[in-house]
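Data first, discussion second: the structure below is written as structure tokens.
In each ligand, atom 1 is the first atom listed, and ligand 1 is the first ligand listed.
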Amino acid sequence: MKTIIIIPTYNEGNNITLLILALQVQFKGMKHDMHILVVDDNSPDGTANDIKRLQLGFNNVHLLMGEKKAGLGVAYTRGMSYAMEHLGAEVVFEMDADFSHKPEDVPRLMAEIDKGADFVIGSRYVPGGSIPKEWGIRRKAISKFGNIVARYLAGIYSVRDCTAGFRAIRTSILRNVAFSDLGVKGYAFQIALLHQVLVLKAKIVEIPVDFLDRSAGKSKLGVKDIIEFILNAWWIRFDSLKTFIKFAIVGASGVVVNLGFFTLFLMQGINKYVASPMAIEISIISNFLLNNFWTFRGRKTKDRVRIRGLKFNVVSFLALGVSYGTFVALSIFFPNVAPQLHQLIGIVPATLLNYFLNSYWTFKEVDED
Ligand code: GDD
Ligand code: MN
């Protein structure tokens, strides 16, 4: 598989040459077509010159230049897009230039991709992983705090190390990420991307790594990054909530549409046993359209849409049957009650069935794709 290790750099002249040489040693023992893409923001220390020198000896070293320091997230967005569009990447890595991530761990992350993972995290916060012992209380607190914000504020509970910057990602997943919608420039990119791939139901695996302190140069994480990070975490939480609220509004609108049309048909003198399924069907269609063009508008659809559409129809048809069956039964047993009430009660079991079948069948299929 063609694999590109993306390394953003800003003033890493003392690290990058040694790191690339160490990576080349690792590549020798790997069966994949391994490349390196350095994304440099015109570092004043001339990091780019080191890369150009290395390019004379290695044809798997690539360089993407920016004009000025634009943030870690911008660098990764550019690097990932370039790797996919111009280098034909099947897998990309995120990796720091400062030896915080061990080159020896690259084959370990890759092995998880080989086993079928979409998104592998070199994690400091799973058993066996570690942060530098020499880290002061402030640096430790920032890292812990970042993960608490990501897990409990943004709602990414399932991942232990949400801010990790050492990851291997299949581009089959990455191609479905709307990078232009991420709206982040700095370190917040790490959780913004993680959130996106979770929405896409990527297979995420965390393996333990030791995160080492940098020996040369200094960290580029600034106050601006921390502020953006927290705002972005709120945004992610709000985003999931928004989808749920839209879902509920669509459901409620379906009830209004159903009962509205039912009443309208009755007023037209249509027999209630004919009016009922017609009204149910109209509400199913309006729910479907609203969910597709409003609730999930921003979401990129996957390949098997047609199969999902087919399943959706089967589920809707069953729901219609249950809803109508309830209506008929109630009409027979309680003939003196307003038919609107029968129609309304019929919505209840149909909604439950709809929910269970759609989440355990229609969407399960998407899971396994
Ligand atoms: N091109 C470019 N532009 N590169 C950048 C920029 C930028 O604006 N900012 C940082 N980098 C590069 C650095 O040169 C380095 O190679 C890498 O990105 C990570 O930057 P560091 O400054 O070393 O980050 P850190 O050690 O504070 O943060 C690490 O841990 C965080 C979690 O605690 C990184 O792995 C982060 O990704 C991670 O979130
Ligand atoms: Mn670092």
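Not a single heavy atom of M95 sits less than 4.0 Å from an atom of ligand 1. Under the 4.0 angstrom criterion for non-hydrogen atoms, E94 is not in contact with ligand 1. Contact analysis leaves M65 out of contact with ligand 1, as no non-hydrogen atom separation drops below 4.0 angstrom. Note on ligand 1: F166 sits outside its first shell, no heavy atom being nearer than 4.0 Å. Distances shorter than 4.0 angstrom do not occur between any heavy atom of S100 and any atom of ligand 1.
Taking only nitrogen or oxygen atoms, main chain and side chain alike, F211 does not reach within less than 3.5 Å of ligand 1. In terms of polar-atom proximity, defined here as any N/O pair under 3.5 Å, D40 makes no such contact with ligand 1. Checked by distance only, ligand 1 and D98 come closer than 3.5 Å through their nitrogen or oxygen atoms. When only interatomic distances are considered, the shortest N/O to N/O separation between W135 and ligand 1 does not fall below 3.5 Å. In terms of N/O distances under 3.5 Å, ligand 1 is approached by V39.
Using modelled atom types, one finds a donor on one side chain and an acceptor on the other under 3.5 Å when comparing N60 with Q24. A side-chain donor-acceptor contact under 3.5 Å links T263 and Q340.
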Q.
Between T163 and Q190, is the side-chain hydrogen bond (donor to acceptor under 3.5 Å, both in side chains) condition met? List the steps.
A. CA-CA 5 Å; T163 60; Q190 305 294 20; over 6 Å; no

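The Mn ion (ligand 2) is closest to atom OD2 of D98 (considering only N, O or S atoms).
Using bins of under 30°, 30° to 60° and over 60° for the plane-to-plane angle, the ring pair Y82/H86 lands in the tilted bin. The aromatic rings of F211 and H101 sit perpendicular to each other, their planes meeting at more than 60°, with 30° as the lower class boundary. Ring geometry, F262 versus F327: the interplanar angle exceeds 60°, so the pair is classed perpendicular (tilted spans 30 to 60°).
Linking ILVMFWY residues whenever their side-chain heavy atoms come closer than 4.5 Å, directly or via other members, places I191 and M80 in the same cluster.
In the candidate list D41, V74, D96, I7, D96 is nearest to atom 19 (C) of ligand 1, counting heavy atoms. Among L19, I16, N15, L72, the residue whose heavy atom sits closest to atom 18 (O) of ligand 1 is L72. Closest heavy-atom approach to atom 8 (O) of ligand 1 among the candidates A188, S219, G71, G186: G71.
The ligand atoms of ligand 1 that sit less than 4.0 angstrom from a heavy atom of A75 are 1 (N), 2 (C). The distance from ligand 1 to the heavy atoms of R214 drops below 4.0 Å at these ligand atoms: 21 (P), 22 (O), 23 (O). Short contacts between ligand 1 and R124, defined as distances under 4.0 Å to a heavy atom of the residue, involve ligand atoms 32 (C), 33 (O).
In terms of heavy-atom proximity, K69 sits nearest to K220 at CE-CG, 3.9 Å.
Under 2.8 Å from the Mn ion (ligand 2) lies no N/O/S atom of D96, from backbone or side chain alike.
Remark: the backbone N or O of Y324 is not paired with any side-chain donor or acceptor of S276 at under 3.5 angstrom.
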